[in-house]
Amino acid sequence: MDCSAAQDLVLTKEIIYRTVGSTVELVCPIISARAISWLGPPSYQEYAVGTDIFPEVSNQVAVSETAADKKSILLIHRFRKDNSGDYKCTDGIDKKEFSLINKRNPSNLVISNKTDDKTTTVEGKEHNLECRVTSGQPGGNITWSTDGVVVARNEPSFVIHRLTPNRSDNGKIFECEAFNSDGEKILEASVRIEVFYIPKITFSPSQTITVKEGEDTQLICINDGNDPDTTTVWKIQRTETIISNNDTLKFKRVKRTDAGLYICMVQTKAGVYKENAKVVVQYAPTIDIQYVPTERKMKCIPSGVPDRYVYKDWEHTTEYNDHIRFLPITKEGNNAILTIPKHETGKDHQRDRGLYICRASNNISSSDGMFVVKKYNLNFKGKPYFASSTENIQFGAYLKTAMIKIHFVSVPEYNSYDVYKNESRFTGYNESLHRNMNLTDTVYGKNVSVKGNIISLQIQIDTLDDFNLYKVVVKNAEGSSHHTIQLVSASAPYMPIILQTSAKQTQIFVLWKPGFDGGYLQWFTVEYKEIGETYWNNQITNSSNVIVIGGLKPTTRYLIRVFATNIIADSNRTKEILIQTDEYAIAETFHSVHIVVILSLVIIIAVLLVAGMGLYVQNDDSILPMINRDVDVMSSEHTSTSSDNDIVSSEYLDDGYEQPHTTLVVTDQVKDEHVYLNTKKESNYENTIPFENIACGHACDYLDDSLSDKRNALDDHEYLNLNNDVNDFNVKNERVTQCFINPRMNEAEYINLSLNQ
């Protein structure tokens, strides 16, 4: 005999349920040459040895053997309650135990805390659902379920379900079901749970109302509880006096003494809850600002009733109302004081010019809103300073004309300037000057618009020595300032990165992230072809990062790739993207044809009417072609402009004056399609952008991102006018020899991290 099987027999006790009056067979699994002994209740009394039955039980049981393997069988003729108990068979070494139990179905199913088929509870408070049976052997399982899902299963005679109800549990039916040992449902009962909400108290028109003295107003206390017997009262907080027995608190010709906190108290079956509301009775102040030049101090003096004020920080803006910075206030009595910080360098700094704004409120709205606004224009003279949009590093191409642009502000107006190359006076340039321009400048860390001047120096690059340091000294009646610019060799643009493609029946939308422009204006070529075709189609766009390709075939797979071009060379091409256009929509086709037919009929009728009136149409061919004229999806005004201002902007954060020039040189670009530079800033375009929303979805972002470029619009136009060969995107650009000045220090410094739209 298998020893492991024998061990199982010793350890396993079989439980058998039988009804009274049934015949029971207990089969001993032990196969042995020794005689099998049977013992049973009470207290393992001996019933039989082999086939010999003891007289005490001979009229109740019999012993037989199975025909196949000769296993011993104890047969109980008619099962009685007193036959219940423990049985055992053994050959003296191995044994097998049985527990014979009188089978009775459960009865008397009871749900605790149930009233009229429901039980009540409060939102957010733990509640127990209890269910039990009082009799039955065996009881089987007893469960709680709701919506057909069992939520609790427990002992044969008792089950509990603990829940923290929320509002969605209100009205749910929970069922308690009892099953016998055969899995048959014997008993069931149900209860509906009623959840009383903890009311959320809100106010109309708002929790804080501001009213001018003498006006009428009211406050309504709103609660979202579900107790129909809710009561609401209003109290004055300072006295706890009840002033209203309903949810509306009315004020007639409000007085200043009516200002304060009021309590709305809501009493429900879920409990008593209260919330405060505030009534503000005030009138707006007027503001006067005084400036003390010797102390660089401004005083904001409000006057109103009540004479208690809240201030926002002083705001400093440009003359174009561009925000520069917030400056903290100092309270001096009831006034707000601003002391304009002095610069550590001790230099006279024109970046302190502009508008200074005081905002004060006594919690009463006015024509300015909740805060009354007063502006003071602070304007004083100083030496010229260079705007941050003057790039420390500018680019040129060997054997071509380079252009150095200097943006500066001068009050009073400048009277002269000088140019130095390697500290020697330099005159080998042509100049152009633009006054009173809207320039971009970084003032105290903010890119803002200021009024200034642009000097453009055109320098012919004939030798490598022309790639050099150029110092520009600008003078006015208050003194002079200088700025050093490094002219370096330009390169081909960096490879763009495709961010998203999506398709319709005959169109494909492509969105990409531009790379560094190599120092010149770059444009982009999107190439596409059907799978299996040899030659690529292409579209060229001045847009910085988006295009819609039209006229495609429905349900067709296309390959897409993008590369950038400037006057130096092309960038690497991106990896090819596979995309398939959608199926052709018959309904849309019918609709389009229908519109074209109607438009054609209208035009024909119009032509006939004109002819009938004897009018002469100068050019008949000018009418019909307008019907099918392609609409250019992308505006040419969305030309991408790249700037390296961000690379050196930190040099302007302190005082805006000349800083030691930063050496950052460009040589050549190593082309590798598989090199991607990660940036720290996440782009929103990493997410899916629906095709239908491309026009609206990017328009605002484009205007915001390109604002600083638009402010330099004249700068850009001037560059285009002087370099016509750069702007002709339909003419293949001449490849020029790359001039290697120094090895590239850090490629990542040339990546434009903004995604212009």
Side-chain angles (χ1 to χ4, degrees), residues 287-301 311-332 335-360 373-390 406-415 435-454 472-483 645 648-660 707-708 711:
I287 296 177
D288 181 39
I289 295 180
Q290 298 176 357
Y291 178 61
V292 183
T294 57
E295 301 179 13
R296 293 171 62 90
K297 180 185 291 187
M298 287 188 184
K299 287 186 179 182
C300 180
I301 307 171
Y311 297 95
K312 290 187 177 181
D313 286 343
W314 286 86
E315 184 181 9
H316 178 200
T317 71
T318 68
E319 56 206 1
Y320 295 113
N321 294 313
D322 283 359
H323 170 79
I324 296 175
R325 56 179 172 166
F326 287 108
L327 296 166
I329 66 167
T330 302
K331 294 291 289 292
E332 190 176 279
N335 302 329
I337 307 301
L338 168 64
T339 301
I340 300 174
K342 293 184 179 180
H343 307 289
E344 295 180 1
T345 60
K347 293 182 179 179
D348 184 15
H349 202 315
Q350 290 199 57
R351 286 185 170 89
D352 286 335
R353 296 172 61 246
L355 301 177
Y356 287 82
I357 304 171
C358 176
R359 293 180 173 90
V373 178
K374 183 70 173 182
K375 299 181 180 181
Y376 187 89
N377 186 10
L378 183 60
N379 191 9
F380 50 79
K381 300 176 181 180
K383 294 185 295 183
Y385 75 88
F386 295 86
S388 61
S389 52
T390 299
I406 302 96
H407 300 179
F408 66 95
V409 177
S410 180
V411 178
E413 280 289 336
Y414 81 99
N415 49 44
R435 297 180 183 270
N436 298 322
M437 301 299 296
N438 188 330
L439 304 181
T440 298
D441 191 19
T442 300
V443 182
Y444 295 111
K446 297 291 191 304
N447 288 333
V448 294
S449 293
V450 296
K451 184 181 292 185
N453 309 288
I454 300 175
V472 180
V473 180
V474 182
K475 303 174 184 179
N476 67 9
E478 300 295 318
S480 66
S481 301
H482 65 273
H483 190 80
N645 292 351
V648 294
S649 61
S650 62
E651 300 185 13
Y652 296 90
L653 297 182
D654 294 331
D655 57 14
Y657 280 88
E658 168 69 5
Q659 303 290 340
L707 183 58
S708 62
R711 289 165 180 158

Side chain to side chain contact (heavy atoms under 4.5 Å, CB included) between Lys451 and Tyr320: does it pass, once the steps are laid out?
CA-CA 9 Å; Lys451 184 181 292 185; Tyr320 295 113; 3.6 Å; yes
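- Remark: the backbone N or O of Ile301 is not paired with any side-chain donor or acceptor of Asp288 at under 3.5 angstrom.
- Judged by distance alone, the side chain of Asn476 and the main-chain N or O of Gly382 form a donor-acceptor pair under 3.5 Å.
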Evaluate the criterion side chain to side chain contact (heavy atoms under 4.5 Å, CB included) for residue pair Tyr356 and Thr317; output intermediate values, then yes/no.
CA-CA 7 Å; Tyr356 287 82; Thr317 71; over 6 Å; no
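- Taking both residues in full, the closest heavy atoms of Cys358 and Ile287 are given as O-CD1, 4.3 Å, listed atom of the first, atom of the second, then distance.
- Interatomic distance, OG1 of Thr330 versus CG of Asn335, reported as 12.0 Å (0.5 Å rounding).
- Ring pair Tyr414/Phe408: centre-to-centre distance below 6.0 Å.
- Between Glu315 and Arg359 there is a salt bridge, since at least one side-chain N of the basic residue sits less than 4.0 Å from a carboxylate O of the acidic one.
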For a side chain to side chain contact (heavy atoms under 4.5 Å, CB included) check, start with the C-alpha distance between Ile454 and Leu439, then their side-chain angles and the critical distance, and finish with the verdict.
CA-CA 9 Å; Ile454 300 175; Leu439 304 181; 3.5 Å; yes
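- A side-chain donor from one of His407 and Ser389 sits under 3.5 Å from a side-chain acceptor of the other.
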Kindly determine whether Leu378 and Leu355 satisfy side chain to side chain contact (heavy atoms under 4.5 Å, CB included), including the steps that lead there.
CA-CA 6 Å; Leu378 183 60; Leu355 301 177; over 6 Å; no
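- A pairwise comparison of heavy atoms in Glu319 and Val450 identifies OE2-C, 4.3 Å as the closest pair.
- Ile337 and Lys299 get closest at one heavy-atom pair: CD1-CG, 3.3 Å.
- Results of the side-chain hydrogen bond (donor to acceptor under 3.5 Å, both in side chains) test with His316 over Arg351, Lys446, Arg353, Arg325 single out Arg325 as the only residue that passes.
- Judged by distance alone, the side chain of Ser388 and the main-chain N or O of Thr442 form a donor-acceptor pair under 3.5 Å.
- Atoms CE and CG, from Met298 and Leu327 in turn, are 9.5 Å apart once rounded to the nearest 0.5 Å.
- With hydrogens and angles disregarded, a donor-acceptor distance shorter than 3.5 Å links the side chain of Ser481 to the backbone of Pro384.
- Inspection of the Tyr444 and Asp352 side chains reveals an N or O donor paired with an N or O acceptor under 3.5 Å.
- No donor-acceptor distance shorter than 3.5 angstrom exists from the side chain of Thr440 to the backbone of Ser449, with no hydrogens or angles considered.
- The pair Arg435-Glu413 counts as a salt bridge, with a side-chain nitrogen and a carboxylate oxygen less than 4.0 angstrom apart.
- The minimum heavy-atom distance between Asn321 and Lys375, with the atom names listed, is OD1-NZ, 3.6 Å.
- Taken to the nearest 0.5 Å, the CG atom of Leu338 stands 10.0 Å off from the CD1 atom of Ile329.
- Atom NZ of Lys383 is separated from atom CD of Glu478 by 10.0 Å, given to the nearest 0.5 angstrom.
- Note that CG of Asp313 is 12.5 Å distant from CD1 of Ile357, once rounded to the nearest 0.5 Å.
- Minimum interatomic distance between Trp314 and Pro328 (heavy atoms only, all atoms of both residues): CD1-O, 4.4 Å.
- Minimum heavy-atom separation, Pro412 to Ser410: O-OG, 2.5 Å.
- The side-chain heavy atoms of Phe386 and Asp441, taken from C-beta on, include no pair separated by under 4.5 Å.
- The NZ atom of Lys331 sits 10.5 Å away from atom SG of Cys300, with the distance rounded to the nearest 0.5 Å.
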